[in-house]
Every structure is written in structure tokens, then in C-alpha cells.
Chemist: 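Have a look at the structure that comes next, please.
Hydrogens, waters and symmetry mates play no part in the numbers below; they use all other heavy atoms, side chains included.
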Amino acid sequence: MRGGRVPDAVSWAAMNEQPQQAAPGRVVVRFAPSPTGYLHLGSARTGLYNYIFARRHGGSFILRIEDTDLSRSTDEAILQIIGSMREMGLDWDEGPELPGPHAPYRQTERRPIYHEYIQKLLAGGHLYPCFCTTEELEAERRAAQAEKRAWVYSGKCRALPAEDVERRQAAAEPFTLRMHVPPGKTVFHDMLRDAVEFDNDTIGDFIVQRSDGTITYNLAVVVDDVTMGITHVIRGDDHLSNTPKQVVIYKALGAPVPEFLHMPLLFGTDKKKLSKRHGATKLEQLTAMGYLVEVVRNYLCFLSTEFDESMITWTMDDLVEKFDVLKLGTSASIFDPDKLRWMNGRFIRQLDDVALGERLEEYLARVGFYGASAAVEELAKLGPEALAAEVEGVETAPALLVAPDVEQEALTRRLAPLVREKMDVLADFVPIAGWFFRPLAFSAEAAERLAGTAAAAETLRMAAAGLAELEVYDVEHIEALIRDLPARLEAKPKPVFAALRLGMSGQSITPGLFESLWVLGRDAAVERLTTAAALL
RNA sequence: GGCGCAUUCGUCUAGGGGCCUAGGACGCCGCCCUCUCACGGCAGUAACACGGGUUCGAAUCCCGUAUGCGCUACCA
């Protein structure tokens, strides 16, 4: 089935004994990352969808930090995640540093709430203490496996006599609290797949409170979502199998079950979860290569959906207005760097001179180009990835951010229109136009190529002389002069152009010849060509 | 092992029984344009996982099988 249609309220209500839609009014969604590291692109996508969904429906968007796993969570990661979300243009109505009516927003600070709800469940008879040891459980599991039976907890402690429980608790025997999962089926609604059904026998009485008194993920999520009034849970596909357990808890609490939307996962090129091996896995790495945030953002949205070229330049407002999460497919998609690159190129090409100039300047400053152009040029010649790898620490070392001086700034601005059609990512600027920012230099290979070009010396000298005498130094006059050169030298045009390009820049790939000579200015152009001629 | 979800060109996808000799986009290949590299234009390459049904007719509906992923934890 191709997901995407929301069943009408009537048919859906008929499927469930309880009305499903929580509050028919206001939409409340949340994004709940675990702060165990930077914001992964897959999570970023989840955050984005939540944001779009909230804004689209005039609802509110809550940022919640799931840091119950203390050993792996850090405050630094929280800051990083918030930073990435902001960079992507997301904002939220409530969150750790933005207290609202549902504070606090870190699970570690919500413990009293969880225990309050544990008491409720206990009082309702939905929980029971389980004294089974890890060893006993392990034995049960192995036995089941040996008989090729599905293993779920036997429920051995479910019917323990009250006096037994009291005695063992008095004796300080460690115990966990298990959810009493009723027989029957659990059905919930997923906005992309309609009804999803699980047999409760396959769920088994799961642990809700550990023997050390801490709370388990599935309980925490439900309590948080209930107390925060979440109406739509939008999260990764990997949670689909957790959902029936959570629904059991909702029902036990008598709380309205929210709508769910489990979005397809994001994979790397080998169909495995996107990881470092695949290259970039976070926004900052991509921007360090010169991808533009809005392009990455749009790309993330359009995965799992039909793609239309006009979407490349959509703004966040466009996304909110036109992007429908219900149109999402249900199968995982693979992150394709080639397509992103193409999109980025398209985006760059529709930028006007001023906008592109700004982007370039900002980017070049960030990667340290204005401070150490030669070093950055070396890296860039190895590719955007090499450059990005080197500047990865830049957020934590802002000293690398070197602003351009007046001359560098002007040069960058003038170069923008010349390089636009040659770039896919901003890093491409450096190998193509980096030479403008430093004195003429030849690699051994370039020098050899220049020397091997027919009549190179005469070409360079004649061009230099001609440029020096040009009455008006503009692109038009430069072009007329250069175009006339082959005839005067009785040479073919190609080698003439090649010699000039090499003599001017020291390399054989550059922006347009005439425009480049113009951007250099008469003096610099003449000087460069003369210097090159002298080498021959 | 059990349960769940998924499966259309290499990749992202269109497709809701006849409009499908399966459409678009990226990539790749070729041509045109051209001062290099590109941009742009044009053309080409390439897919319904497999097997059974249902039907006059199936990529589309049903049933199996295979494969991938997820859950099956006192992880989140």
C-alpha cells in the first residue's frame, strides 16, 4: 500500500474502541533527541518534519532532551544539537532554554513526574513487582530458544500472593516493575500506513521500572508525551515496534492515544544506517564543504517524496506552506551525495551576484581562506571533503574565522559572477579562483606545459604589450585584443588562449580569460604575463 | 527463532486494475554550444524482488517465498 491518505474520522473511529484524536484542536508535537553526540542528519530530518508539521497546523513544537542514559549524555551535545537545529532554521516554542508550561524539558529533571505516574499505574493494578533475576530470565529465554519458541516473559511474578510480595520487599529483595499487558490486540494508527496491529502475546510484560528504581524508556516517553499534551508523535521508523508497548501504557493511564507518524530511515549508499563511513553525517560537515543549509534542508525533506526542481529554492515558509508530510513514502531512502551536489549547484546558479558574493565571503572566512589562502588551496585541490575535514573543529576554534581585508572582499565580490556556473559547492571556488589572491606561481607541471605551448613567449609578450596600451581596460576591449592575437601571431586560437591562461594564473582551469584579466586589473595582468614570459 | 515494517532503473521517485511497449530527476554515456573547466540544450542507458492465484486484463488486488531493516534488553 502506498501510504499517504488519512482515513476519514468515521472509519478510523470505527476501528477503535476509544476515540483516537486527542484534543481535536491544537496540534502539539515534539522532537526528542538523545544528547549522545552531534545531531545526525537522520535526526535533523525528524526535527524538521516535526517543525514543519507544527507550523503548518498552527500548533506548537516542543524540544525535549531524552537524557535518561546519563552515561552517554552530555551537556555539550545538547548545545551542539541546539546549534544545529538553529542553523537549519528551526525554532521551537518550548525547550530546555526556553521554559514553558510543560517544563522541565530534560528527562533527568522529570523523575518526580515519572514516579507519580508509576504510582498511578500501580494503583490501577497495571503494574506488578517482578523478582526474577537476570539469570532466571536468561534461562527462560534460552529454553524458549531451544524449543524454537518466541520468547516473551512468562509472567511468572504476575500472580504472586500479596504476602509473598510483602515479605520479599521487606527482605529488600531487588525487584523490577512490569507492565501487565492485557490479552488481545493492540492497534494504533500510523499516518503513513493506517492501522498497524500487534498481538499482545508477542509484546510480553515489559519492565517499566528497573531494580535500581530508574525508569525505562518506553514509560518515560509516554509520560512525557501525555503530560506535554503531545497530539502527534513524529519519529523514526525504528520506533514502530516500540509503539504497541507505549499504546498499552496510554490505555492503562486512560490517556488519549496520539496520532503516530513513523518516518522512513535515512541510509548510506550501502543501505546501512547513515554513518561516518559514508562521509558527512552532520550538517556542519556539509556546510564546511560549501553546501548551503537551505539546500541540505530541502534535500532532506524531499527524500521519500516526489521531487520537483522548483523545490530546490523553497524557503522554510514554502516548506511549511506546501510540504505535506503525509505524502512521504514508507521505505527507507539512501542519502545520495551526487544529487545533493547537483541541487546545490542549481541553487548557487540562481543566486544573484550580491547574494553569491556574500555566501562566498562568509564561507571563505569560515574555512580560513583569507588568512592562509595557500594552505586552504592545497586542501581544496584534494576536494571539498579534505577541506571540510580540516576545518571541522572550526566551531570550537573560531580563531580560524578570518575576515577578508578590503581588497580580498572586493575581489571576492567581483569574482562571484565569474565562478557561479563552475561551482557545485562553495569549496569549488578555491581551486578555480584561489590564484587571484596570491602572486603568480607555477608548479613544475604547469611550467612545463607553458614551455611546451607553441610560441608561448611571443604570445605573452604581445598580450602584455597590448593590454598595457589598451585605451579602455574593460572586458569588451580585452576580448577584442585577445581575439585578434592568433591572427597576428599566425597561430591557432587554442594554443594562444592556453598560453595566456597559464601565463596569467599558473593553471589551466580558470574562469573566463577576458573576465579574469579584467578582474586582475591592468597592472597586475601585465605584470603577470610579463613575469611568465620571462620564465621561458 | 518470533513479531513488525519495507521491496519500481545504480540512486530519489511517479504509479491507487486497462491512460504503462512503466513517466520524471540525479548519475553515467554521446552529441551540440565553447578560450579551459563548467553552465545550458538535445539524445541514449537502465527498473516493477521471485512464485502462485483473482480478473477479459495486474507494477497496481490476494496468498506464499526471498531479501533488507527494526523490535524482541533491568539501551534510547
Side-chain angles (χ1 to χ4, degrees), chain A residues 1-2 4-5 32-34 36 66-69 71-73 107 130 132-134 137 141 144-153 174-178 190 192-193 196-199 201-204 206-218 220-221 236-245 262 264-265 267 269 271-273 299 302-309 329-343 345-346 349 419-424 428 431-432 479 482-483 486 493-498 500-502 505 507-514 516:
Chain A
M1 176 214 72
R2 172 75 178 73
R5 275 143 304 111
S34 311
T36 54
E66 303 209 327
D67 59 349
T68 31
D69 187 357
S71 59
R72 292 194 297 157
S73 303
Q107 290 187 327
C130 169
C132 295
T133 63
T134 319
L137 293 172
R141 195 171 304 145
Q145 211 147 36
E147 291 170 48
K148 295 207 179 243
R149 278 190 353 255
W151 182 80
V152 283
Y153 174 61
F175 64 90
T176 60
L177 252 26
R178 283 187 188 267
D190 182 285
L192 297 181
R193 308 160 231 261
V196 182
E197 184 182 300
F198 285 81
D199 198 319
D201 292 346
T202 65
I203 301 174
F206 54 94
I207 293 175
V208 123
Q209 185 180 92
R210 300 185 189 95
S211 51
D212 64 1
T214 60
I215 245 64
T216 257
Y217 165 77
N218 282 309
V221 179
D237 221 351
D238 46 346
H239 286 291
L240 192 65
S241 304
N242 279 323
T243 309
K245 293 181 190 171
H262 290 94
L265 262 19
F267 285 158
T269 35
K271 308 198 176 197
K272 295 273 159 57
K273 231 175 163 167
Y299 177 73
F302 305 138
L303 275 176
S304 305
T305 309
E306 183 166 22
F307 173 82
D308 181 297
E309 263 191 47
T330 44
S331 54
S333 27
I334 290 169
F335 181 89
D336 181 6
D338 281 334
K339 188 137 186 179
L340 215 212
R341 193 167 233 292
W342 170 80
M343 277 177 68
R346 287 294 277 230
R349 267 164 253 135
V419 294
R420 175 165 35 222
E421 70 210 23
K422 302 190 188 308
M423 294 192 301
D424 279 332
D428 294 338
I432 296 169
E479 174 160 7
I482 304 291
R483 290 230 184 256
K494 295 249 181 198
V496 169
F497 283 105
L500 289 174
R501 169 165 288 111
L502 224 29
S505 66
Q507 52 190 56
S508 42
I509 298 176
T510 71
L513 187 54
F514 321 127
S516 294

Chemist: Please give, in whole Å, the distance from B:rG4 P to A:L192 CG?
Modeler: 19 Å
Chemist: Applying side chain to side chain donor-acceptor pair (under 3.5 Å), can you list everything that pairs with A:D428, at least two apart in sequence or on another chain?
Modeler: none
Chemist: Across all strands, who's sitting opposite B:rG1 as a Watson-Crick or G-U wobble pair, both distances under 3.5 Å?
Modeler: B:rU72
Chemist: Restricting to non-hydrogen atoms, name the atom on A:S211 and the atom on A:P174 that form the minimum distance, rounded to 0.1 Å.
Modeler: CB-CB, 4.3 Å
Chemist: Can you confirm whether the side chains of A:T216 and A:N218 place a donor and an acceptor under 3.5 Å from each other?
Modeler: no
Chemist: With the threshold set at 4.0 Å, does a side-chain nitrogen-carboxylate oxygen contact exist between A:D424 and A:R349?
Modeler: yes
Chemist: Which of the following nucleotides, B:rU36, B:rC74, B:rC26, is nearest to the side chain of A:D338?
Modeler: B:rC26
Chemist: If B:rA38 has a Watson-Crick or G-U wobble mate with both distances under 3.5 Å, name it; if not, just say none.
Modeler: none
Chemist: Counting the atoms with a prime plus P, OP1 and OP2 as sugar-phosphate, which does A:F514 contact under 4.0 Å by heavy atoms, base, sugar-phosphate, or nothing?
Modeler: base
Chemist: Contact class for A:S34 vs. all strands (heavy atom < 4.0 Å): base, sugar-phosphate, or nothing?
Modeler: sugar-phosphate
Chemist: Which one is paired to B:rA66, where only Watson-Crick or G-U wobble pairs with both distances under 3.5 angstrom count?
Modeler: B:rU7
Chemist: Both A:S331 and A:K422 contact RNA chain B. Taking the nearest nucleotide for each, which residue is further toward the 5' end?
Modeler: A:S331
Chemist: Starting at atom NZ of A:K339, determine the distance to atom C1' of B:rU11, rounded to an integer number of angstrom.
Modeler: 8 Å
Chemist: From B:rC35, B:rA6, B:rC12, pick the nucleotide closest to the side chain of A:T330?
Modeler: B:rA6
Chemist: In whole Å, what separates the P atom of B:rG30 from that of B:rC48?
Modeler: 26 Å
Chemist: Please state how far atom CZ in A:R501 lies from atom P in B:rU36, giving the value in whole angstrom units.
Modeler: 7 Å
Chemist: Which part of the nucleic acid, if any, lies within contact of A:T68, taking any heavy atom under 4.0 Å across all strands shown: a base, the sugar-phosphate backbone alone, or nothing?
Modeler: sugar-phosphate
Chemist: What protein N or O atoms touch nucleotides 67-73 of chain B N or O atoms at under 3.5 angstrom, if any, and at what distances?
Modeler:
residue	atom	partner	partner atom	Å
B:rG70	O2'	A:D238	O	3.0
B:rG70	N2	A:S241	OG	3.0

Chemist: With the side chain of A:E306 defined as its heavy atoms from C-beta on, choose the nearest nucleotide among B:rA25, B:rA38, B:rU13.
Modeler: B:rU13
Chemist: Would one find a side-chain N or O of A:T305 under 4.0 angstrom from OP1 or OP2 of B:rC12?
Modeler: no
Chemist: Starting from P on B:rC5, measure out to CZ on A:R193 and report it in whole angstrom.
Modeler: 8 Å
Chemist: Expressed in whole Å, how much space separates the C1' atoms belonging to B:rG18 and B:rA6?
Modeler: 28 Å
Chemist: Describe the nucleic acid contact of A:G512 in one word from base, sugar-phosphate, nothing, applying a heavy-atom distance below 4.0 Å.
Modeler: base
Chemist: Tell me: CD1 of A:I432 to P of B:rC37, nearest whole Å?
Modeler: 12 Å
Chemist: With a 4.0 Å cut-off, would you call A:K339 and A:D336 a salt bridge?
Modeler: no
Chemist: Just to be sure I understand the rule, does A:L513 reach a base, reach only the sugar-phosphate, or reach nothing, if contact means heavy atoms closer than 4.0 Å?
Modeler: base
Chemist: Is B:rC39 in the syn range, within 90° of 0, or in the anti range?
Modeler: syn
Chemist: Send over the distance from A:D212 CG to B:rC74 P, rounded to a whole Å.
Modeler: 12 Å
Chemist: Taking atom C1' in both B:rA49 and B:rG2, compute the distance separating them and give it to the nearest angstrom.
Modeler: 24 Å
Chemist: Of A:R483 and A:S333, whose closest RNA chain B nucleotide lies nearer the 5' terminus?
Modeler: A:S333
Chemist: Should A:T68 and A:T214 count as side-chain neighbours, where that means a heavy-atom distance under 4.5 Å?
Modeler: no
Chemist: If only side-chain N and O atoms of A:R346 are considered, is one of them under 4.0 Å from the OP1 or OP2 phosphate oxygen of B:rA38?
Modeler: no
Chemist: Indicate, with a heavy-atom threshold strictly under 4.0 Å, whether A:Q209 touches base, sugar-phosphate, or nothing.
Modeler: nothing
Chemist: Return yes if the base of B:rC74 and the side-chain atoms of A:S211 contain a donor-acceptor N/O pair under 3.5 Å, otherwise no.
Modeler: yes
Chemist: Nearest to the side chain of A:V196, which nucleotide is it out of B:rC35, B:rG10, B:rG4?
Modeler: B:rG4
Chemist: Within the 4.0 Å heavy-atom criterion, would you say A:S508 contacts the bases, only the backbone, or no part of the nucleic acid?
Modeler: base
Chemist: Provide the distance between the two P atoms, one in B:rU13 and one in B:rU7, to the nearest whole Å.
Modeler: 10 Å
Chemist: Can you tell me if the side-chain N/O atoms of A:R341 get under 4.0 Å from OP1 or OP2 in B:rC26?
Modeler: no
Chemist: Rounding to an integer number of Å, can you tell me how far A:I215 CD1 sits from B:rC75 P?
Modeler: 12 Å
Chemist: Under 4.0 angstrom, heavy atoms only, what part of the nucleic acid is A:R420 near: base, sugar-phosphate, or nothing?
Modeler: nothing
Chemist: Grab the CG-P distance between A:L303 and B:rU13 for me, whole Å please.
Modeler: 6 Å
